[in-house]
2 protein chains.
Amino acid sequence: MTQLELGESGAAAAETKLGRRRDHTRDPEILAAAIEVLAETGFDGMTIDMVATRAKAGKATLYRRWPSKNELVIDAVACMKMGDLDVAHLPDTGTLRGDLVAMIKPRSIQEAEKKMQIMAGLMSMLSTAPELADAANNAIAKPRATANRFLMQRAIDRGEISPQCDIETLALVTPSMAAYRTLIERKPVDRDFLISLIDGVLLPALGLVGGDPAQRGKVQPPAS
Amino acid sequence: MTQLELGESGAAAAETKLGRRRDHTRDPEILAAAIEVLAETGFDGMTIDMVATRAKAGKATLYRRWPSKNELVIDAVACMKMGDLDVAHLPDTGTLRGDLVAMIKPRSIQEAEKKMQIMAGLMSMLSTAPELADAANNAIAKPRATANRFLMQRAIDRGEISPQCDIETLALVTPSMAAYRTLIERKPVDRDFLISLIDGVLLPALGLVGGDPAQRGKVQPPAS
DNA sequence: TCTATACGATACTGTGGAGTTCCGGATCTC
DNA sequence: GAGATCCGGAACTCCACAGTATCGTATAGA
């Protein structure tokens, strides 16, 4: 956003006046390189030279576009658009469990893990750059929770689960626990893990059976 | 552990031979100072001078004990013992909900938030120092999950909840979601949030009612 | 074709922090 | 009290990286 504003409004007039305009066609490559390096080394380990080299650009070129390393990173995170989690592309299998399981794809797992790497790399910067915290939250964290919320709301609408359910909180279960597992436990977020979340936490909490239907009815009433 | 071994076995003999031995009485203060600075500035923002100044020690003194900044931090995290989550001190109210709610104390919330600050500060280092990742996980993450698991197992033993429940996964719900909320969403982990986890996720998933008993029975059978 | 400008590459500067060395004074042991 | 050693403090070296300046080249526009 930052550089888009500059590129499209302020600078453009001056650029067309004389000679050729600044070549913005390579900006996406630079931003992508920044994201890659960020994911691999973290914000503090990342150097401008690394990004420039990876993007096959000169360091000066980067500084012609972004005033500092911080601005570059903020822009890179804000412009980061990964695979679609748009409402239009979400699965619709007819049952909530079907939908949730259908969202487990190797591609989306891999993407989520990369997002988490990026988030880990940003961690040290988040407390001192609130704008970055927002950008990271919007690009990395929110989309999955939004998708979950949508699927659950649809399940409520068709009467599969009770409208009393706390879907606000439940929509955060998968992203939270996947983040915890990746960032802190350092274990892989594989299919088994996600299935155990669905069948061991989400569906039971929503009043649906988990994995083993045999456990239905075995639950005792609460000691009141 | 590292410095304890050195202090008690190898170096001790040499130290007693001549003059007085190295004064290890101030090590805890130094480690505590390191933890404080770590929580405030993160690993990369932390300097040895900051730690030395805060501990009212000389920088050279720190290097006499730990060979590098990394070792110091690893030791500080490993030796970090905060308020007790020992099994012996856990609440026992007779019901699982009572126990879980009894664990919500301003003191423990505050402590958990500090732990998360530390974890955030360590994040950038975790991928390059596996030993640190283990130390951090043991000191920061595991204790709360262990406590939750103990409370749930006790609830199983007294027949309050089904033994089929996936308590392994469910024990991680609170720490995971609290971590996500602190580190990524940057919202406070307050009592309301924890209560909504207990009543909106944990208890329903365990087959107990959540907050509002009126919703019992409204749940439809699963679409099979 | 000519000119102006942006480009990539590279050399340079300045700063900040890791790790080292040295010193005067305090403290323990004998 | 004497001797040895460790302490806190401060000055020092060394290096990595942010940010700047320069240069030869490539290319778009006139």
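First the proteins, then the strands, lettered A, B, ... as listed; each starts at 1. Because the structure is predicted, anything quoted here is derived from the model rather than measured. Side chains are part of it too, since the values below use all heavy atoms of this structure and drop only hydrogens, waters and symmetry mates.
Whole-Å rounding puts the B:Phe43 CZ to C:dG17 C1' distance at 12 Å. As rounded to whole Å, 13 Å separates atom C1' of D:dA18 from atom CG of A:Asp44. Whole-Å rounding puts the B:Ile48 CD1 to C:dG16 C1' distance at 14 Å. A:Tyr63 has its OH atom 13 Å from the C1' atom of C:dT13, to the nearest Å. Between the NZ atom of A:Lys69 and the C1' atom of D:dA16 there is a distance of 11 Å, rounded to whole Å. B:Glu29 places its CD atom 13 Å from the C1' atom of D:dG8, with the value rounded to the nearest Å. Atom P of nucleotide D:dA18 and atom CG of A:Leu72 are separated by 11 Å, given to the nearest angstrom. Whole-Å rounding puts the A:Met50 CE to D:dG19 P distance at 15 Å.
For the residue pair B:Arg97 and B:Ile195, the shortest heavy atom distance occurs at NH2-CG2, 4.3 Å.
Taking CG of B:Leu183 as the reference point, atom CE of A:Met119 lies at 9.0 Å (rounded to 0.5 Å). To the nearest 0.5 Å, the span separating CG on B:Leu194 from CD1 on B:Ile109 amounts to 5.0 Å.
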Any protein N or O atoms within reach of nucleotides 8-12 of chain C? Criterion: under 3.5 Å, listing atom names and distances.
| from | atom 1 | to | atom 2 | distance (Å) |
| --- | --- | --- | --- | --- |
| C:dG8 | OP1 | A:Arg26 | NH1 | 2.8 |
| C:dG8 | OP2 | A:Thr61 | OG1 | 2.2 |

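The existence of a salt bridge linking A:Lys114 and A:Glu111 is excluded, since no basic side-chain nitrogen approaches an acidic carboxylate oxygen closer than 4.0 Å.
At least one donor-acceptor pair under 3.5 Å links the side chain of B:Lys69 to the backbone N or O of B:Met46.
Partners of A:Asn138 by side chain to side chain donor-acceptor pair (under 3.5 Å), not counting sequence neighbours, listed by chain and number: A:Lys142.
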